[in-house]
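Below, all heavy atoms of this structure are taken into account, side chains as well, without hydrogens, waters or symmetry copies.
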Amino acid sequence: MVTDPIADMLTRLRNGAMARHDSVMIPASKMKLAIAKIIREEGFVADYTLVKSEPQRMIKVTLKYIDKQPAFLGLEKVSKPGLRVYAGKREIPRVYGGIGIAIISTSKGVMTGQDAWKKNLGGEILCYVW
């Protein structure tokens, strides 16, 4: 059993990129699907698909490379099971001066920090991607 599924997802993506794999398989959940959708829309991965297999559904994330380097430089988990990190609308961090994104779980769903700021929402900071 995995204690922190989102940290496991980020670690699988990081390890797959370091090993130069084309794609990575991740156990599926609604939260992970929302994160995969955001990192695809922001251009950090090429695509993702939901694979229905037994005993659990999986997310196949196709990694993206630019000049043989991963499209993302880093993935960092912020809020952990032992220490949750929350931010109000005015406290949403900018990642690497706006180059990266903060992924935030709000009352209106999972979104980037910039979208949460535009919608005047705060929430739990899940991770940073740059």
Side-chain angles (χ1 to χ4, degrees):
M1 181 174 161
V2 178
T3 308
D4 191 353
I6 296 170
D8 178 62
M9 174 186 184
L10 299 178
T11 300
R12 287 176 190 239
L13 289 171
R14 197 179 310 112
N15 290 345
M18 286 176 25
R20 303 281 189 256
H21 289 295
D22 292 331
S23 63
V24 177
M25 297 296 281
I26 301 165
S29 72
K30 289 180 183 178
M31 180 74 75
K32 291 179 194 176
L33 279 169
I35 292 171
K37 179 181 177 193
I38 290 171
I39 59 176
R40 185 197 63 201
E41 288 171 353
E42 296 292 325
F44 292 109
V45 296
D47 199 12
Y48 74 94
T49 55
L50 187 61
V51 179
K52 294 183 180 177
S53 61
E54 290 296 325
Q56 183 178 358
R57 298 179 309 158
M58 301 290 275
I59 303 170
K60 181 178 181 181
V61 179
T62 306
L63 300 174
K64 180 178 177 180
Y65 297 94
I66 301 169
D67 296 329
K68 297 184 180 181
Q69 295 297 321
F72 56 85
L73 298 174
L75 299 164
E76 181 182 345
K77 180 78 167 109
V78 179
S79 190
K80 298 177 173 77
L83 179 64
R84 301 289 183 186
V85 179
Y86 297 94
K89 185 245 184 197
R90 301 191 194 291
E91 302 159 354
I92 294 173
R94 292 184 57 182
V95 181
Y96 277 84
I99 295 172
I101 60 168
I103 299 178
I104 299 177
S105 176
T106 68
S107 59
K108 303 289 184 193
V110 179
M111 59 185 73
T112 65
Q114 190 174 17
D115 290 341
W117 185 80
K118 286 178 184 174
K119 294 178 180 179
N120 202 19
L121 296 169
E124 182 182 356
I125 303 173
L126 299 175
C127 60
Y128 297 145
V129 183
W130 66 93

Original post:
For M58, which fellow cluster members are found when Ile, Leu, Val, Met, Phe, Trp and Tyr are connected by side-chain heavy-atom distances below 4.5 angstrom, either directly or through intermediates?
Top reply: M25, V51
**OP:** Return the minimal non-hydrogen interatomic distance between G16 and V24, and the atom names on each side.
**Re:** CA-CG2, 3.9 Å
**OP:** Mark yes when over 12 heavy atoms from residues, nucleotides or ligands other than K77 sit less than 6.0 Å from its NZ; otherwise mark no.
**Re:** yes
**OP:** Find out whether L75 and V129 are in side-chain contact, i.e. whether some heavy atom of one side chain is under 4.5 Å from a heavy atom of the other.
**Re:** yes
Original post:
If every non-hydrogen atom of R40 is compared with every non-hydrogen atom of A46, which pair is closest and at what distance?
Top reply: CG-O, 3.7 Å
Subject >> Side chain proximity check, R20 to P70, heavy atoms < 4.5 angstrom >> reply: yes
Original post:
Hey, quick one: are V61 and I38 part of the same hydrophobic cluster, counting side-chain heavy atoms closer than 4.5 Å, chains of contacts allowed?
Top reply: yes
**OP:** Could you tell me which non-hydrogen atom of L126 sits nearest to which non-hydrogen atom of M31, and how far apart they are?
**Re:** CD1-SD, 3.7 Å
Subject >> CZ/R94: more than 12 non-hydrogen atoms of other groups inside 6.0 Å >> reply: no
**OP:** Mind jotting down which residue pairs meet the side chain to side chain donor-acceptor pair (under 3.5 Å) criterion with at least one end in residues 102-128? Sequence neighbours excluded, please.
**Re:** S79-E124, R84-E124, T112-D115
**OP:** Measure across L63 and H21 and return the closest heavy-atom pair with its distance rounded to 0.1 Å.
**Re:** CD1-O, 3.4 Å
Original post:
Would you find a donor on one side and an acceptor on the other, under 3.5 Å apart, between the side chain of K32 and the backbone of P27?
Top reply: yes
Original post:
Can you get from I39 to W130 by hopping between Ile, Leu, Val, Met, Phe, Trp and Tyr side chains that sit under 4.5 Å apart?
Top reply: no
Original post:
Taking C-beta and beyond as the side chain, do L121 and I104 meet within less than 4.5 Å on heavy atoms?
Top reply: no
Original post:
Are F72 and Y65 grouped together when hydrophobic residues (ILVMFWY) are joined by side-chain heavy atoms under 4.5 angstrom apart?
Top reply: yes
**OP:** Kindly work out whether a path of hydrophobic side-chain contacts (I/L/V/M/F/W/Y, heavy atoms less than 4.5 Å apart) joins M111 to I6.
**Re:** no
Original post:
Does any non-hydrogen side-chain atom of I59 lie less than 4.5 Å from one of L50?
Top reply: yes
Original post:
In Å and rounded to the nearest 0.5 Å, what is the CD to CG distance from E76 to L10?
Top reply: 10.0 Å
Original post:
If we only count heavy atoms from C-beta on, is the Y48 to I26 side-chain gap below 4.5 Å?
Top reply: no
**OP:** Look at the side-chain heavy atoms of Ile, Leu, Val, Met, Phe, Trp and Tyr, link any pair under 4.5 Å apart, and say whether V78 and V2 land in one connected group.
**Re:** no
Subject >> Contacts of R14 that satisfy salt bridge (charged side-chain N to carboxylate O under 4.0 Å, His left out) - sequence neighbours left out >> reply: none
**OP:** Compare every heavy atom of A87 with every heavy atom of I125, then report the nearest pair and how far apart it is.
**Re:** CD1-CB, 3.6 Å
**OP:** Starting from the C-alpha separation in whole Å, work towards a yes-or-no answer on side-chain contact (heavy atoms from CB on, under 4.5 Å) for F44 and I101.
**Re:** CA-CA 10 Å; F44 292 109; I101 60 168; 4.0 Å; yes
Original post:
Can you tell me how far CD1 of I103 sits from NZ of K37, rounded to the nearest 0.5 angstrom?
Top reply: 12.5 Å
